[in-house]
Peer 1: 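Dropping the structure in here first, questions after.
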Amino acid sequence: MGAEIEKKFLLPAFPTEELSRSEIALVSKQYIYQTYLAFSEDQEIRVRKLVDSAGSSHFTHTFKSGNGLVREEIEYRISESIYKQLLERTGLIPLEKIRTTVAYQGYHFEMDEYKQVDLMVVEVEFPDLEAAQRFEAPSWFGRELGQEEEFRNKSMWVQLQKQ
């Protein structure tokens, strides 16, 4: 298993000015459709369909374990056929978001704009715990969300299934 070391922040607005002043550089934009197949308090199994700005799709299967700043993660690509087989006849609604990745001072920031929820967040992954602890968020970030349950993708997805 690989470790995922990540911090998540509220994003009050998309950083249009920072992009126009070249303080940050656009890396990529993807549409993500995320569905959970199984989960518990500290584990989750999900699949994703990711569509890039050119319209190309790829699919992933992910297992995550743990809570907090450091979690275990296994993620790998799967075929479209496997993705469809896993979801057919489930009636599950995917959580939809647009992910814009930007580069800033050696970091990649992943900004997620949720389509079914009025929310934008930014996530930063780190190579190690020390880097995460040293990180100072830019002024255009909102408050750090930590492990607030309502802002976890899994929680938003569960609420979506109840609608």
Peer 1: If you compare all heavy atoms of Met156 against all heavy atoms of Leu119, which two are closest, and at what distance to 0.1 Å?
Peer 2: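 The answer is SD-CD2, 3.6 Å.
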Peer 1: Can Arg21 and Glu17 be counted as an ion pair, charged N to O under 4.0 angstrom?
Peer 2: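 Salt bridge flag = yes for Glu17 with Arg21.
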Peer 1: Would a 4.5 Å heavy-atom cut-off, applied to side chains only, mark Val47 and Leu87 as touching?
Peer 2: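 Yes, at least one pair of side-chain atoms sits under 4.5 Å.
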Peer 1: Could you name each residue pair satisfying salt bridge (charged side-chain N to carboxylate O under 4.0 Å, His left out) that touches residues 97-110, not counting sequence neighbours?
Peer 2: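 Listed once each, the pairs are Lys97-Asp112, Arg99-Glu110, Arg99-Asp112, Arg99-Glu123.
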Peer 1: Within the structure provided, determine whether Thr62 and Glu73 are in side-chain contact (heavy-atom separation under 4.5 Å).
Peer 2: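 Yes, at least one pair of side-chain atoms sits under 4.5 Å.
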Peer 1: Could you tell me how the ring of Phe109 sits relative to the ring of Tyr107: parallel (under 30°), tilted (30 to 60°) or perpendicular (over 60°)?
Peer 2: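 Parallel.
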Peer 1: Taking all non-hydrogen atoms of both residues, which atom of Met111 and which atom of Trp140 are closest, and how far apart?
Peer 2: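 Answer, listing the atom of Met111 first, then Trp140: SD-CZ3, 4.0 Å.
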Peer 1: Are any of the side-chain heavy atoms of Lys7 and Leu69 separated by less than 4.5 Å?
Peer 2: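 Yes, side chains in contact.
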Peer 1: Any chance you could lay out the side-chain contact (heavy atoms from CB on, under 4.5 Å) test for Lys154 and Arg46, step after step, and finish with the verdict?
Peer 2: CA-CA 9 Å; Lys154 178 175 65 176; Arg46 71 166 192 234; over 6 Å; no
Peer 1: Membership question, hydrophobic clusters at under 4.5 Å side-chain separation (ILVMFWY): are Ile24 and Val124 in the same one?
Peer 2: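 Linked within one cluster.
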Peer 1: How long is the straight-line distance from CD1 of Ile45 back to CD1 of Ile74, given to the nearest 0.5 Å?
Peer 2: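 So the CD1 of Ile74 and the CD1 of Ile45 are separated by 9.5 Å.
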Peer 1: How many angstroms lie between CD in Gln34 and OG1 in Thr60, if you round to the nearest 0.5 Å?
Peer 2: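 Between atom CD of Gln34 and atom OG1 of Thr60 there are 8.0 Å.
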Peer 1: Looking at residues at least two apart in the chain, or sitting in another chain, which of them share a ring-ring contact (aromatic ring centres under 6.0 Å, His included) with Tyr83?
Peer 2: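 ring-ring contact (aromatic ring centres under 6.0 Å, His included) check on Tyr83 returns Phe59.
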Peer 1: Just by distance, with hydrogens left out, do Ser65 and Glu72 show a side-chain donor and acceptor under 3.5 Å apart?
Peer 2: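 Judged by distance alone, the side chains do not pair up.
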Peer 1: Take the angle between the ring planes of His61 and Tyr76 and call it parallel below 30°, perpendicular above 60°, tilted in between.
Peer 2: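 The arrangement is tilted - the two ring planes meet at 30° to 60°.
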Peer 1: Return the minimal non-hydrogen interatomic distance between Arg71 and Glu44, and the atom names on each side.
Peer 2: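 Closest approach of Arg71 to Glu44, heavy atoms only: NH2-OE1, 3.2 Å.
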Peer 1: Any chance you could measure Arg48, atom CZ, to Gln30, atom CD, to the nearest 0.5 Å?
Peer 2: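 It comes to 8.5 Å.
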Peer 1: Between Glu125 and His108, is there a side-chain heavy-atom distance shorter than 4.5 Å?
Peer 2: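 Contact flag for His108/Glu125 side chains = no.
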Peer 1: For Glu148, is there an ion pair with Arg143 - N to carboxylate O distance below 4.0 angstrom?
Peer 2: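 The answer is yes: the pair qualifies as a salt bridge.
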Peer 1: Check whether Phe39 and Phe151 end up in the same hydrophobic cluster, where Ile, Leu, Val, Met, Phe, Trp and Tyr are linked by side-chain heavy atoms less than 4.5 Å apart.
Peer 2: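 Both belong to a single hydrophobic cluster.
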Peer 1: Considering non-hydrogen atoms only, spot the tightest contact between Pro12 and Gly142 and give its length.
Peer 2: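 The pair with the smallest heavy-atom distance is CD-N, 3.6 Å.
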Peer 1: Once rounded to the nearest 0.5 Å, what's the spacing between atom CD of Glu144 and atom CZ of Phe9?
Peer 2: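 Going from the CD atom of Glu144 to the CZ atom of Phe9 covers 4.5 Å.
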Peer 1: Do Leu86 and Leu160 land in one hydrophobic cluster if side-chain heavy atoms of ILVMFWY residues count as linked below 4.5 Å?
Peer 2: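 Unlinked, Leu86 and Leu160 end up in two clusters.
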Peer 1: Linking I/L/V/M/F/W/Y whenever any side-chain heavy atoms sit under 4.5 Å apart, do Leu11 and Leu26 land together?
Peer 2: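 Yes, Leu11 and Leu26 fall within the same hydrophobic cluster.
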Peer 1: Stepwise, does the side chain to side chain donor-acceptor pair (under 3.5 Å) test hold for Ser155 with Gln159?
Peer 2: CA-CA 6 Å; Ser155 298; Gln159 289 303 312; over 6 Å; no
Peer 1: Could you give the distance from CD1 (Ile98) to CZ (Phe14), rounded to the nearest 0.5 Å?
Peer 2: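 Atom-to-atom, Ile98:CD1 and Phe14:CZ are 10.0 Å apart.
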Peer 1: Does the side-chain contact (heavy atoms from CB on, under 4.5 Å) test come out yes or no for Ile93 and Gln161, once each step is laid out?
Peer 2: CA-CA 6 Å; Ile93 301 165; Gln161 304 315 300; 3.8 Å; yes
Peer 1: Evaluate the side-chain proximity of Val122 to Phe141: yes if any heavy-atom separation is below 4.5 Å, no if none is.
Peer 2: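 Side chain of Phe141 against side chain of Val122, heavy atoms only: contact under 4.5 Å found.
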Peer 1: Counting distance only, does the side-chain N/O of Gln116 pair as donor-acceptor with the main-chain N or O of Pro94 below 3.5 Å?
Peer 2: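 It does hold such a pair.
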Peer 1: Pick out which of Glu41, Arg152, Gln43 makes a side-chain hydrogen bond (donor to acceptor under 3.5 Å, both in side chains) with Asn67.
Peer 2: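 By the side-chain hydrogen bond (donor to acceptor under 3.5 Å, both in side chains) criterion, Asn67 pairs with just one of Glu41, Arg152, Gln43: Arg152.
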Peer 1: Verify the distance criterion only: is there a donor paired with an acceptor across the side chains of Asn153 and Tyr114 at less than 3.5 Å?
Peer 2: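 On atom types as modelled, these side chains qualify, holding a pair under 3.5 Å.
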Peer 1: Which atom names give the shortest non-hydrogen contact between Ala132 and Ile5, and what distance separates them?
Peer 2: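 Distance-wise, the nearest heavy atoms are CB-CG2, 3.9 Å.
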Peer 1: Once you round to the nearest 0.5 Å, how far does OH of Tyr33 lie from CD of Glu96?
Peer 2: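 Going from the OH atom of Tyr33 to the CD atom of Glu96 covers 5.5 Å.
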Peer 1: Would you say Leu145 and Phe135 are hydrophobically clustered, going by side-chain heavy atoms of ILVMFWY under 4.5 Å?
Peer 2: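 Looking at the clustering, Phe135 is in a separate group from Leu145.
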Peer 1: Please determine whether the number of non-hydrogen atoms from other residues, nucleotides or ligands lying under 6.0 Å from atom NZ of Lys29 exceeds 12.
Peer 2: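 For Lys29, atom NZ is not crowded (no more than 12 foreign heavy atoms under 6.0 Å).
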